[in-house]
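The sequence lines fix the lettering, A, B, ..., with proteins before strands; numbering per chain opens at 1.
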There are 2 protein chains.
Amino acid sequence: MYKKIPKNTIHRLPLYLSVLEQLAEESQNQEEFFHSVDLEKLLNIKNSVIRKDLSYFGEFGVKGKGYNIVSLKTALKEILDINVIKKTVIIGCGNIGTAIIKYPYFTKINLEIVAGFDVDPKIIKQKINQTPVYHIDRLVDFLNKEKIQFVILAVPVHASKFILQDLITKTDIHGIINFTPISLKVPKHIKVINSYISAKILEMYFYLKNTNA
Amino acid sequence: MYKKIPKNTIHRLPLYLSVLEQLAEESQNQEEFFHSVDLEKLLNIKNSVIRKDLSYFGEFGVKGKGYNIVSLKTALKEILDINVIKKTVIIGCGNIGTAIIKYPYFTKINLEIVAGFDVDPKIIKQKINQTPVYHIDRLVDFLNKEKIQFVILAVPVHASKFILQDLITKTDIHGIINFTPISLKVPKHIKVINSYISAKILEMYFYLKNTNA
DNA sequence: TTGAGTTTGTGAATATGATCACAAGTTCAA
DNA sequence: TTGAACTTGTGATCATATTCACAAACTCAA
Ligand SMILES: NC(=O)c1ccc[n+]([C@@H]2O[C@H](COP(=O)([O-])OP(=O)(O)OC[C@H]3O[C@@H](n4cnc5c(N)ncnc54)[C@H](O)[C@@H]3O)[C@@H](O)[C@H]2O)c1
Ligand SMILES: NC(=O)c1ccc[n+]([C@@H]2O[C@H](COP(=O)([O-])OP(=O)(O)OC[C@H]3O[C@@H](n4cnc5c(N)ncnc54)[C@H](O)[C@@H]3O)[C@@H](O)[C@H]2O)c1
């Protein structure tokens, strides 16, 4: 448990890890070092920001030498708690939900998608990549029995209110990754992380309008 | 062209619009008003932040009365440049790419996905929801001929370097919405907006580890 | 073993963003 | 027509994040 980590620092940690994994793959030598300036070039994040971000969690570098790729990667995995296997479920196995179930990288971050939930009989009972899909009615029981800590929500907007109510009142989940384009009202012990794809596109519109001819 | 809008303000504008669209649908009356405090309740964003965000672009409210739903919605659409039809293409029509092509909401923000590109012969020439999919070899010509301003990149990492190089050196695009989990090095006239889904999950890990038992 | 050359880690300074708090404009009931 | 009740828009203030700049610690070549 750390004290007062800036939000933006948390956003950046996964980026650091992503680059380190690439570097680790590319490098032959376990003992290879790199500098915060190298990372700056790869990520477009100032080296001083990178060093300060890391400093919230400890001292991982060697002065005059830099950071060991492998050991910083290991440290970041520890910070992000990747070493503990996490179970989750996908609520709504449509386009987005299915894409997530099929994404193989998640096993690398120790994420197990143990089930999907839907209402469409054509989808239910058809396993998607080994993952069984159950009727939404079984969601609450499943989450409680399996002690799932967070869920991934990818249902249409009209279905989300009803499901959210169940999640809040009948289960003990602590997190929701939300792909629906609405803001979820939740009690404060539940962390919502939004992945609002349309917003990214609108952001692009804004930048295109305001940065060039 | 506005001066110095905070990044977070830009992130929030699409959220405001999203709520306004919901409110507009629900309300009978064209003349209905609402307050920044109402928005605060719906979005969990402080009313003072909302008012300040809007103030960067003009005065849209009426003191003592609030904001007219329809006219603020119209103003936001103008700010985000939604009224002008935008064309884009999906590079990589796999799980994510296909999900995006099939998503019907994008027409509401005047986004036309005019083509997809891939290398898989099983995917090429099979239209996905009216959208034709071409071979990646035709990408550069297509972008130049159709004067596409931004693209959506959803290919595997190994393919992205090669494609990025083409985009930078042979086309005149100004934006990339990037679903690959790597950071794209681009010249500064190109705006990259990342939608790094795995990062969201790692953020969740971090919060779960550091906020509760 | 030395010392010039590196690069980290971090307080201090700066910049940016959020919040506060209130004047100013508007509404509306009497 | 008046004035109490609202709610906006925004400077001033406060909080948070980034950048600067340098001492400290290490490297490595000679
Ligand atoms: N596809 C995209 O690119 C995209 C982009 C931005 C946002 N979104 C949002 O993500 C969400 C999912 O999008 P999608 O494209 O995958 O939609 P989709 O229609 O393909 O999938 C939704 C799935 O949810 C299921 N469902 C409906 N009601 C349900 C219920 N009560 N319980 C459980 N499952 C139920 C449907 O059967 C369907 O399989 C939507 O809220 C959408 O607005 C999607
Ligand atoms: N699916 C997810 O949930 C998810 C999550 C996070 C990140 N991503 C990232 O998004 C990207 C796409 O993921 P996906 O799950 O859709 O993968 P996918 O494998 O389903 O789709 C990738 C598509 O790109 C095509 N392709 C390969 N090489 C190409 C080339 N040179 N030119 C054009 N097309 C080419 C493939 O034929 C395939 O259709 C990947 O970079 C992945 O890491 C996906």
Side-chain angles (χ1 to χ4, degrees), chain A residues 2-16 19-20 23 29 31-76 79 183 203 206 210, chain B residues 2-16 19-20 23 29 31-76 79 203 206-207 210:
Chain A
Y2 318 97
K3 47 167 193 260
K4 288 300 291 167
I5 313 289
K7 258 206 170 89
N8 289 345
T9 294
I10 298 166
H11 295 321
R12 285 187 294 258
L13 294 177
L15 304 180
Y16 301 151
V19 168
L20 285 172
L23 290 176
N29 182 354
E31 287 310 309
E32 208 164 311
F33 276 67
F34 73 103
H35 316 313
S36 55
V37 176
D38 301 333
L39 255 192
E40 167 167 355
K41 290 203 189 99
L42 290 167
L43 282 171
N44 268 335
I45 297 175
K46 279 238 157 68
N47 64 77
S48 53
V49 171
I50 294 167
R51 290 203 305 281
K52 180 139 282 190
D53 282 348
L54 295 175
S55 79
Y56 293 112
F57 303 98
E59 304 195 0
F60 305 106
V62 181
K63 292 183 185 188
K65 199 169 181 201
Y67 301 88
N68 175 276
I69 293 177
V70 173
S71 66
L72 185 55
K73 188 174 70 129
T74 305
L76 276 171
I79 293 165
S183 146
E203 243 182 278
F206 184 85
N210 295 108
Chain B
Y2 318 98
K3 46 164 192 266
K4 288 300 291 168
I5 312 290
K7 258 205 168 91
N8 288 344
T9 294
I10 297 165
H11 294 322
R12 285 187 293 261
L13 294 177
L15 305 179
Y16 302 151
V19 168
L20 284 171
L23 289 176
N29 184 355
E31 287 310 310
E32 208 164 311
F33 276 67
F34 73 105
H35 316 313
S36 55
V37 175
D38 301 333
L39 253 193
E40 166 165 357
K41 291 204 188 97
L42 290 168
L43 282 172
N44 267 335
I45 297 174
K46 280 240 157 67
N47 65 76
S48 54
V49 171
I50 294 168
R51 290 203 305 280
K52 180 139 283 185
D53 281 348
L54 296 175
S55 79
Y56 292 112
F57 303 98
E59 304 195 1
F60 305 107
V62 181
K63 293 183 185 186
K65 199 169 181 202
Y67 301 89
N68 174 277
I69 293 177
V70 173
S71 66
L72 184 55
K73 187 174 69 130
T74 305
L76 276 171
I79 292 166
E203 242 182 279
F206 184 87
Y207 280 110
N210 296 109

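You'll find the side chain of A:Leu39 stays beyond 4.5 Å of the side chain of A:Asn47, heavy atoms only.
Whole-Å rounding puts the B:Glu40 CD to D:dT8 C1' distance at 15 Å. Between A:Phe33 atom CZ and C:dT6 atom C1' the separation is 13 Å, expressed in whole Å. If you take CG of B:Asp53 and C1' of C:dA18, they are 10 Å apart, rounded to a whole angstrom. Distance, A:Asn68 CG to D:dC26 C1': 15 Å, rounded to whole Å. Put simply, CG on B:Leu39 is 12 Å from P on D:dG9, counting in whole angstrom units. Between the CD1 atom of A:Ile10 and the P atom of D:dA17 there is a distance of 9 Å, rounded to whole Å. Distance NZ (B:Lys46) to P (C:dG17): 18 Å, rounded to an integer number of Å. If you take CG of B:Leu72 and P of D:dT7, they are 16 Å apart, rounded to a whole angstrom.
Counting atom types as modelled, B:Lys52 pairs a side-chain N or O with a base atom of D:dG11 as donor and acceptor under 3.5 Å.
By the salt bridge (charged side-chain N to carboxylate O under 4.0 Å, His left out) test, A:Arg12 is found to be paired with A:Asp53, residues two or more places apart in sequence or in another chain being considered. Under the side-chain contact (heavy atoms from CB on, under 4.5 Å) criterion, A:Leu42 pairs with A:Val19, A:Leu23, not counting sequence neighbours. Qualifying side-chain contact (heavy atoms from CB on, under 4.5 Å) partners for B:Ile79, counting only residues two or more places apart in sequence or in other chains: A:Phe206, B:Tyr2, B:Leu13, B:Phe57, B:Phe60, B:Leu76.
Legend: salt bridge (charged side-chain N to carboxylate O under 4.0 Å, His left out) pairs involving residues 37-49 of chain B, not counting sequence neighbours: none detected. Each salt bridge (charged side-chain N to carboxylate O under 4.0 Å, His left out) pair with one or both residues in residues 56-74 of chain A, not counting sequence neighbours, would appear here, but there are none.
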What pairs of nitrogen or oxygen atoms, one from the protein and one from nucleotides 22-30 of chain C, lie under 3.5 Å apart?
from   : atom 1 : to      : atom 2 : distance (Å)
C:dG25 : N2     : B:Gly64 : N      : 3.0
C:dT26 : O4'    : B:Lys63 : O      : 3.3

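Residue-level contact check: A:Lys7 touches the backbone only, with heavy atoms under 4.0 Å from sugar-phosphate atoms and none from bases. Within 4.0 Å (heavy atoms only), B:Asn47 reaches no atom of the nucleic acid at all. Residue contacts shown for B:Ser36 are limited to sugar-phosphate atoms, with no base heavy atom under 4.0 Å away.
In terms of phosphate contacts, A:Asn8 brings no side-chain nitrogen or oxygen within less than 4.0 Å of OP1 or OP2 of D:dT16. Residue B:Arg12 has a polar side-chain atom (N or O) positioned under 4.0 Å from OP1 or OP2 of C:dA18. Side-chain nitrogen and oxygen atoms of B:Tyr67 include none within less than 4.0 Å of the OP1 or OP2 phosphate oxygen of D:dC6.
Positionally, the nearest nucleotide of DNA chain D for B:Ser48 lies more toward the 5' end than for the other of B:Ser48 and A:Thr9.
In terms of heavy-atom proximity, A:Asn68 sits nearest to A:Ser71 at OD1-N, 2.8 Å.
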